Amino acid sequence: MRILLIHANSFSFHVTGETSVALPAELDKAGSEGNVDEALVAFMAAEKGDDKNIASVADQVVQEILRLTSQLGTQNVVVYPYAHLSSLLSSPRVAVKLLDEIYSCLKSKNELLVVMRAPFGYYKAFEISCKGHPLSELAKTITPTTGAEKEGAEEESEAIKAEKSLESEWVIMAPGEKSAYYGPAEDFPFKKRPNLKKLFKYEESGTRTSDQPPPHIELMRRMELVDYEPGSDPGNFRWYPKGQLIKRLAETYVSNLITQYGGMQVETPIMYDYQHPKLHSYLQRFPARQYVLLSDEKEYFLRFAACFGQYLIQHDMQISHNHLPSKLYELTHYSFRREQSGELAGLKRLRTFTMPDLHTLAKDVEQAKEEFVRQVDLAIQCMEGFGLDFEVAIRLVKDFADGNKAFVEDLVSRCGRPALIELWEERFFYFVAKLEFNFIDALDKAACLSTVQIDVENPQRFDITYVDDKGNKQYPLLLHASISGSIDRVLYAMLEAQALRMKKGKKAQFPFWLAPVQLRIIPVSEKFDQNCKDVFTKIPYRIDYDDRDISMGRKIREAEKEWVPYILVLGAKEAADGHLSVRTRDGAQRKMAISELLAEIESRMTGKPFLDLPLPKYVSRRPIFIG
RNA sequence: GCCAGCGUAGCUCAGCAGGUAGAGCUACUGAUUUGUAAUCAGUGGGUCGGGGGUUCGAGUCCCUCCGCUGGCUCCA
């Protein structure tokens, strides 16, 4: 940062126009004009590199100014952004941050000082009368210090700070029993719900220990689904054909559920103006760190969810009360969160992920609760489709909980299991109610999948309105819902669930509709090549043919290792009687006609999407992605 | 981001008294034509995560960067 300090008899300025980096918020903070007698005027320009340690730069500037004001015996200071001091300017965001930091720091360090700040990003006219004594003109270059104390909290949002001071009360509510708030959660008889106990401990204690990596990481690679990509930022994965197939199927399944329910599918940009006033204040309310990128001088952040894109659409929509409830839906390819590197964990926690994001506008609390319940039902259906068990957590602001007991009871009974309920005295976040489905993994850790929330903040922030039956504009309530949770995380949960099965000595398997290879034909010898090819064309599912020159035993072993649900062995006997020898994952070997097999498969596929085999149909033609 | 551990062939791993790298699987070639979880033989394959240093000599010791995993923290 460059600073030019001038001790002036008098100083005044007024805004004459906007530059390309003007921010309306600056005028609120600094005003569009000002004048002062007898002051130290600090012209300053933030430079590239200052962002490495904003606090250190600000601190040095403040020290410099304080030293000089005490030497000069003046109590008036003007903080004046003046780009012309440098030809290597920082981004506007950093500059504003520095100005704010310097401004507030000056005031807090010396309460007697009267500090005036001029707005950043505007053309300004100024008049100055320099005193001209030896100390009255001083120019300095300030560089950030590096090393031990780096500016860690710099990007911390208000929500992250708030969360740290959050105090919660935990209770358990069981289904079916009226107003069955079981006092403190510790007293709940957890014997029948060991996973709920794990969730409670996980949430309440905040401590989680494990001496081993999560098993899904090995599985995601061994099954050739997903892998790390060293050529990208950590937490950005590559998807191999089998993984990509599962992902696409899962996405299609969730999207179908949502659009059938009435979600109107849209697509919105993945990056947004960092200085957009509405978005900026929203960022402050969401506890996530962003990727920031530059386009010319402007900074953009990559979205952490589809929220803003949809809010901006909803802001522009003409909505009458007759249109409500109104639902916008997007499957985010992708959402980005710059998680701290130590927070990343396989498919459980990524920096780039895919998530179904549904936003529902409701005209009143009754309608909001009605849709909330329907969305919870959808989430339950979704978990069943993925074959996942889950534990329910409901987080409520106490006022809302007290006023809506029947609603909460209804939610719990629909979920059909006792739920962990977290109660907050005050509303720290943008929602008053949030329901989550948590998955408990092989290491007893919890991960949130589906979630539905009632947002009471963002319609106002984004000026989303509808017209009521009297012709007046009203703010709707807003439901956020991620019916399945992140798709990546769904795969994590499915793999962890299989790791748990294997731990108990059972065979792992994907839900049939998601198995990358659903059937494999194995010939007893090459002689039955043509028979295999014939069967192959009669089965319209993801079937492949192991035509490699290796033993049959080996082929069966490898098909088992790939979790293939149906292994069809074809030799002389089958060629003779036209039946199939069907080996399934329960260990059974059945003699079946093709029609019988097809009927069985059909019943397992109902209501689920289908996509073709994403690999060569002949196993001998198939490259290996991971050892 | 901080602290700790780890990084050797495509995969899983051995080698650590500092002396110039090894096994199994895979791949490739050949033999074999097989009845429900591994047929036999042969041949390839490595800037020991990157960079720097100590040493006559470094996979091995030191520094640094990158990545992964665990903890803190955080979350879809």
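It should be emphasised that the depicted structure is a prediction, and the values quoted were computed from it without experimental measurement. Sequence lines set the chain letters: A, B, ... in the order given, protein chains first and strands last, and positions in each chain run from 1.
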Do any side-chain atoms of residues 572-581 of chain A form donor-acceptor pairs under 3.5 angstrom with protein atoms, and if so which ones, sequence neighbours left out?
from     : atom 1 : to       : atom 2 : distance (Å)
A:Glu574 : OE1    : A:Gly571 : N      : 2.9
A:Asp577 : OD1    : A:His579 : N      : 2.9
A:Asp577 : OD2    : A:Lys591 : NZ     : 2.9
A:His579 : ND1    : A:Asp577 : O      : 3.1

Looking at every strand, decide which applies to [X] at a 4.0 Å heavy-atom threshold: base, sugar-phosphate, or nothing.
X        : result
A:Gly342 : base
A:Ser581 : base
A:Glu574 : base
A:Ala559 : nothing

Nucleotide N/O to protein N/O under 3.5 Å, stretch nucleotides 48-51 of chain B:
none

Side-chain donor/acceptor contact of A:Glu339 with base of B:G1 under 3.5 Å: no
N/O donor-acceptor pair, side chain A:Arg222 with base B:C11, under 3.5 angstrom: no
Taking NZ, NE, NH1 and NH2 as the nitrogens, is one of them in [X] or [Y] under 4.0 Å from a carboxylate oxygen of the other?
X        : Y        : value
A:Glu562 : A:Lys242 : yes
A:Lys617 : A:Asp544 : no
A:Lys348 : A:Glu496 : no
A:Arg395 : A:Glu203 : yes
A:Glu391 : A:Lys198 : no
A:Arg548 : A:Glu558 : yes
A:Arg417 : A:Asp389 : yes

Listed partners of A:Ser341 passing side-chain hydrogen bond (donor to acceptor under 3.5 Å, both in side chains), at least two apart: none
Rounded to whole Å, how long is the line connecting atom [atom1] of [X] with atom [atom2] of [N]?
X        : N     : atom1 : atom2 : result
A:Asp577 : B:G35 : CG    : C1'   : 14 Å
A:Met223 : B:C11 : CE    : C1'   : 15 Å
A:Ile624 : B:C25 : CD1   : P     : 14 Å
A:His359 : B:A76 : NE2   : P     : 12 Å

Stem list, RNA chain B (Watson-Crick or G-U pairing under 3.5 Å, at least 3 consecutive pairs): B:1-7 with B:66-72, B:10-13 with B:22-25, B:27-31 with B:39-43, B:49-53 with B:61-65
Considering only heavy atoms, which members of [range] lie under 4.0 Å from some atom of RNA chain B?
range                       : answer
residues 522-531 of chain A : A:Val524, A:Ser525, A:Glu526, A:Lys527
residues 564-571 of chain A : A:Val569, A:Gly571
residues 501-510 of chain A : A:Lys507

Inter-nucleotide P distance (B:G10, B:G49), Å rounded: 12 Å
Within-4.5 Å side-chain heavy-atom neighbours: A:Arg303 and A:Phe308: yes
Residues A:Asp377, A:Tyr261; criterion side chain to side chain contact (heavy atoms under 4.5 Å, CB included); working and verdict: CA-CA 11 Å; A:Asp377 285 346; A:Tyr261 156 71; over 6 Å; no
Ring pair (Phe, Tyr, Trp, His ring centres under 6.0 Å) partners of [X], counting only residues at least two apart:
X        : answer
A:Phe512 : A:Tyr566
A:Trp239 : none
A:Tyr228 : A:Phe237

Closest non-hydrogen atom pair between A:Met383 and A:Ser450, with its separation: CE-OG, 3.3 Å
Phosphate contact (B:G71 OP1 or OP2) by A:Lys445 side-chain N/O below 4.0 Å: yes
ring-ring contact (aromatic ring centres under 6.0 Å, His included) assessment of A:His359 paired with A:Tyr329: CA-CA 6 Å; A:His359 291 91; A:Tyr329 165 65; 9.9 Å; no
Residues A:Tyr272, A:Leu312; criterion side chain to side chain contact (heavy atoms under 4.5 Å, CB included); working and verdict: CA-CA 11 Å; A:Tyr272 294 87; A:Leu312 296 174; 4.0 Å; yes
Pairwise N/O distances under 3.5 Å, protein to nucleotides 65-69 of chain B:
from  : atom 1 : to       : atom 2 : distance (Å)
B:C68 : O3'    : A:Tyr228 : OH     : 2.8
B:U69 : OP1    : A:Tyr228 : OH     : 2.1

Identify the pairs formed between an N or O of the protein and an N or O of nucleotides 39-43 of chain B at a distance under 3.5 Å, and give each distance.
from  : atom 1 : to       : atom 2 : distance (Å)
B:U39 : OP1    : A:Ser551 : OG     : 3.2
B:U39 : OP2    : A:Ser551 : OG     : 2.7

Full working for side chain to side chain contact (heavy atoms under 4.5 Å, CB included) between A:Arg248 and A:Tyr253: CA-CA 9 Å; A:Arg248 220 159 12 119; A:Tyr253 175 60; over 6 Å; no
Criterion side-chain hydrogen bond (donor to acceptor under 3.5 Å, both in side chains) against A:Tyr430, the qualifying member of A:Arg461, A:His480, A:Gln453: A:Gln453
